[in-house]
Amino acid sequence: MPEFVISAERQQLIGHLIERLPVIRKKVRLSQDELGALVGKSRQKISDIERYSAPMGWDTYLAICTMLEMNNAFDVESDSWYFEDKSRWLKTL
C-alpha cells in the first residue's frame with residue numbers, strides 16, 4: 001500500500017482537529033459511529049484517530065471538518081483555531 005505524504009502545514013492542521021475532535025463531536029451529539037458513517041469511515045477508524053493510534057488523511061480531515069461545520073459544531077469563541085485553520089487550508093485546495 002503506498003504511503004501518502006502530507007505536508008507539515010497540513011499535518012499541523014490535522015493535529016489541531018484531532019486534539020479537539022472528541023470534545024467537538026460530543027458537543028453536537030455525534031457518536032464515533034455516526035461521524036464515521038457521515039464521512040465514510042468506520043467507528044473503529046474514528047476511535048483510532050481520536051486515540052492517536054491511526055493517522056488522519058487530508059481527505060478525512062476535509063470530510064470531518066465539512067460534516068462538523070454542517071452540524072454547527074464550531075463556535076467562533078472556543079474554536080477560533082478552526083476558523084484560522086480553515087482560511088489556511090482553503091488556500092491549499
Side-chain angles (χ1 to χ4, degrees):
M1 176 187 280
E3 191 171 326
F4 295 100
V5 178
I6 297 178
S7 72
E9 181 177 19
R10 285 185 178 185
Q11 195 61 45
Q12 182 182 36
L13 298 174
I14 289 169
H16 289 157
L17 178 61
I18 292 172
E19 185 177 309
R20 295 274 302 147
L21 186 56
V23 172
I24 294 169
R25 183 178 51 71
K26 289 174 186 171
K27 181 171 120 181
V28 292
R29 296 188 173 116
L30 282 174
S31 68
Q32 291 175 334
D33 191 46
E34 291 166 327
L35 179 59
L38 289 170
V39 299
K41 301 293 177 187
S42 68
R43 181 211 55 83
Q44 186 62 51
K45 180 67 173 181
I46 300 299
S47 174
D48 290 346
I49 288 169
E50 288 184 354
R51 289 182 296 111
Y52 296 91
S53 61
M56 179 187 290
W58 186 244
D59 60 332
T60 303
Y61 169 83
L62 293 175
I64 290 175
C65 285
T66 301
M67 287 302 111
L68 290 174
E69 190 166 353
M70 288 175 65
N71 283 283
N72 298 312
F74 298 110
D75 177 81
V76 175
E77 279 186 35
S78 59
D79 300 315
S80 61
W81 61 271
Y82 169 72
F83 297 99
E84 293 166 11
D85 285 357
K86 183 178 177 183
S87 68
R88 288 171 50 204
W89 62 256
L90 283 173
K91 294 176 188 173
T92 69
L93 297 177

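Any value given below was found using the heavy atoms of this structure, including those in side chains, with hydrogens, waters and symmetry copies removed.
When every heavy atom of Lys45 is checked against every heavy atom of Ala54, the shortest pair comes out as NZ-CB, 3.8 Å. Contact detail for Ala73 and Ile24: the closest heavy-atom pair is CB-CG2, 3.5 Å.
With a 4.5 Å cut-off on side-chain heavy atoms, Lys86 and Glu69 count as touching. Proximity of Tyr61 to Arg10: side-chain heavy atoms (C-beta onward) are nowhere separated by under 4.5 Å. When side chains are defined from C-beta on, Leu17 does not count as touching Asp85, because their heavy atoms never get closer than 4.5 Å. The shortest side-chain heavy-atom distance between Lys27 and Asp79 falls under the 4.5 Å cut-off. Two residues are said to be in side-chain contact when any heavy atoms from C-beta on lie closer than 4.5 Å; Ile64 and Met56 meet this criterion. Using a 4.5 Å cut-off on side-chain heavy atoms (C-beta onward), Ile18 and Ile49 make contact.
Distance OG1/Thr66 to CG/Asn71: 11.0 Å, rounded to 0.5 Å. Note that CD1 of Ile14 is 8.0 Å distant from OG of Ser7, once rounded to the nearest 0.5 Å. If you take NZ on Lys41 and OG on Ser47, they are separated by 14.5 Å, rounding to the nearest 0.5 Å. Summarising the geometry, atom CD belonging to Glu19 is positioned 5.0 Å from atom OH belonging to Tyr52; distances are rounded to the nearest 0.5 Å. Note: Cys65 SG to His16 NE2 = 11.5 Å, rounded to the nearest 0.5 Å. Within the model, atoms CE of Met67 and CZ of Arg25 stand 16.0 Å from one another, a figure rounded to the nearest 0.5 Å.
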Given Leu35 and Leu21, is the side chain to side chain contact (heavy atoms under 4.5 Å, CB included) satisfied, shown in steps?
CA-CA 11 Å; Leu35 179 59; Leu21 186 56; 4.0 Å; yes
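Between the Arg43 side chain and the Gln32 main chain, no donor and acceptor come within less than 3.5 Å of each other.
Heavy-atom neighbours of Arg29 CZ from other residues, nucleotides or ligands within 6.0 Å: at or below the threshold of 12.
The aromatic rings of Phe74 and Trp81 lie perpendicular to each other, with more than 60° between the two planes, well past the 30° mark.
Residues Met70 and Val23 do not share a hydrophobic cluster, defined by chaining ILVMFWY side chains whose heavy atoms lie under 4.5 Å apart.
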